[in-house]
Amino acid sequence: MYPPVSDQPRYPVDVHQGPILVSGAPTPNPIYTYALHMAVGHAPGVARKWSTGLCHCCDDPANCLITCLCPCITFGQIAEIVNRGSTTCFISGAVYALLLGFACLYSCCYRSKLRGQYDLEEAPCVDCLVHFCCETCALSQEYRELKNRGFDMGIGWEANMARFQQRGITTAPIAPPGMTR
């Protein structure tokens with residue numbers, strides 16, 4: 001119906017704007033988009049790297065040992081933080097332990113949630129494959145990521161929020177409910 005954008009003629013309009021296509025849609029100014037990304041501090045649509053690698057388990061030897069011996073403890077701590085306290089460490093860890101052979105599928109969902117919350121890249125491969133092939137390395141990496149972001153993994157969500165508020169870090173205010181009649 002319409003010719004492709006690349007086939008449309010371009011006409012310069014102003015020194016400050018880029019050329020505008022015949023369709024009326026201006027082309028983005030590369031200087032402006034670069035400055036916008038620098039102001040935000042992160043380019044939208046580009047995932048950030050993990051703070052530690054998947055196989056850097058020895059960066060935190062205590063957690064590595066706990067995760068190898070009883071991964072349900074590490075998973076419970078991760079799940080409580082990722083769920084923002086809606087489930088406790090004990091409940092998440094117990095569900096993980098009861099799932100036996102299918103625990104990697106359950107923990108894979110939490111890796112995806114964690115990546116979504118902190119805009120992390122899906123690396124070195126898809127989440128389910130990471131958890132299926134190396135569950136303990138994946139849990140250790142997620143634990144270290146949250147720890148490097150300032151969470152004290154041993155005290156849980158509520159205590160972390162209290163600690164952040166004492167430091168002066170506040171969360172978004174709760175909006176009052178709308179009119180009820």
For this session: Evaluate side chain to side chain contact (heavy atoms under 4.5 Å, CB included) for L114 paired with L146, printing each intermediate quantity in order.
Result: CA-CA 9 Å; L114 177 69; L146 290 170; 3.5 Å; yes

Exercise. Does the pair M153 and I78 meet the rule for a side chain to side chain contact (heavy atoms under 4.5 Å, CB included), with working shown?
Worked result: CA-CA 8 Å; M153 300 300 287; I78 293 166; 4.3 Å; yes

Problem set entry | Connected-component partners of I155 among ILVMFWY, side-chain separation under 4.5 Å | none

Problem set entry | Working for side chain to side chain contact (heavy atoms under 4.5 Å, CB included), residues Q77 and Y143 | CA-CA 8 Å; Q77 292 172 332; Y143 181 93; 3.1 Å; yes

Exercise. Which value, rounded to the nearest 0.5 Å, describes the distance between N63 atom CG and C58 atom SG?
Worked result: 11.0 Å

Problem set entry | Closest heavy-atom pair and its distance - I81, G156 | CD1-C, 4.0 Å

Exercise. Is it true that R111 and E142 have a side-chain N and a carboxylate O under 4.0 angstrom from each other?
Worked result: yes

For this session: Please report the shortest heavy-atom distance between S51 and N148, naming the atom on each side.
Result: OG-ND2, 2.9 Å

Seminar exercise, completed: What one should report as the nearest heavy-atom pair of C104 and G101 is SG-O, 4.3 Å

Exercise. Would you say S140 and T74 make side-chain contact, with heavy atoms under 4.5 Å?
Worked result: no

Problem set entry | Pairs meeting criterion salt bridge (Lys or Arg N to Asp or Glu O under 4.0 Å) with involvement of residues 90-108, two or more places apart | none

Exercise. Salt bridge (Lys or Arg N to Asp or Glu O under 4.0 Å): which pairs involve residues 69-85, sequence neighbours left out?
Worked result: none

For this session: Drop me the distance from D127's CG to C108's SG, to the nearest 0.5 angstrom.
Result: 5.5 Å

For this session: Tell me, with the steps shown, if K49 and L120 meet side chain to side chain contact (heavy atoms under 4.5 Å, CB included).
Result: CA-CA 6 Å; K49 292 192 177 289; L120 297 168; over 6 Å; no

For this session: Compare every heavy atom of C72 with every heavy atom of A97, then report the nearest pair and how far apart it is.
Result: CB-CB, 4.2 Å

Seminar exercise, completed: So the side-chain hydrogen bond (donor to acceptor under 3.5 Å, both in side chains) pairs with at least one residue in residues 94-110 (sequence neighbours excluded) are N83-Y110, Y96-E135, S107-H131, S107-E135

Exercise. Taking only residues at least two apart or on different chains, which pairs with a member in residues 50-64 satisfy salt bridge (Lys or Arg N to Asp or Glu O under 4.0 Å)?
Worked result: D60-K147

Exercise. By the rule that ILVMFWY residues connect when side-chain heavy atoms come within less than 4.5 angstrom, directly or transitively, which residues belong alongside L105?
Worked result: F102

Exercise. Between F164 and F151, is the gap from one ring center to the other below 6.0 Å?
Worked result: yes

For this session: Taking atom types as modelled, find out whether T136 and T67 have a side-chain donor-acceptor pair closer than 3.5 angstrom.
Result: no

Exercise. Is L98 linked to F90 within one hydrophobic cluster, defined over Ile, Leu, Val, Met, Phe, Trp and Tyr using a side-chain heavy-atom separation of less than 4.5 Å?
Worked result: no

Seminar exercise, completed: Minimal heavy-atom distance between P124 and V130, with the atoms involved, is CD-CG2, 4.1 Å

Exercise. Just by distance, do the side chain of Q141 and the backbone of T52 share a donor-acceptor pair under 3.5 Å?
Worked result: yes

Exercise. With distance as the sole test, does E121 use its side chain to make a donor-acceptor pair with the main-chain N or O of W50 at under 3.5 Å?
Worked result: no

For this session: Determine, using the 4.5 Å side-chain heavy-atom cutoff (strictly less than), whether L54 and I66 are members of one ILVMFWY cluster.
Result: no

For this session: State, with a plain yes or no, whether a side-chain heavy atom of I73 is found less than 4.5 Å away from one of C70.
Result: yes

Exercise. Do the side chains of F132 and V126 join up, straight or via other hydrophobic residues, at under 4.5 Å, putting them in one cluster?
Worked result: no

Problem set entry | CD on E145 to OH on Y118, rounded to 0.5 Å | 8.5 Å

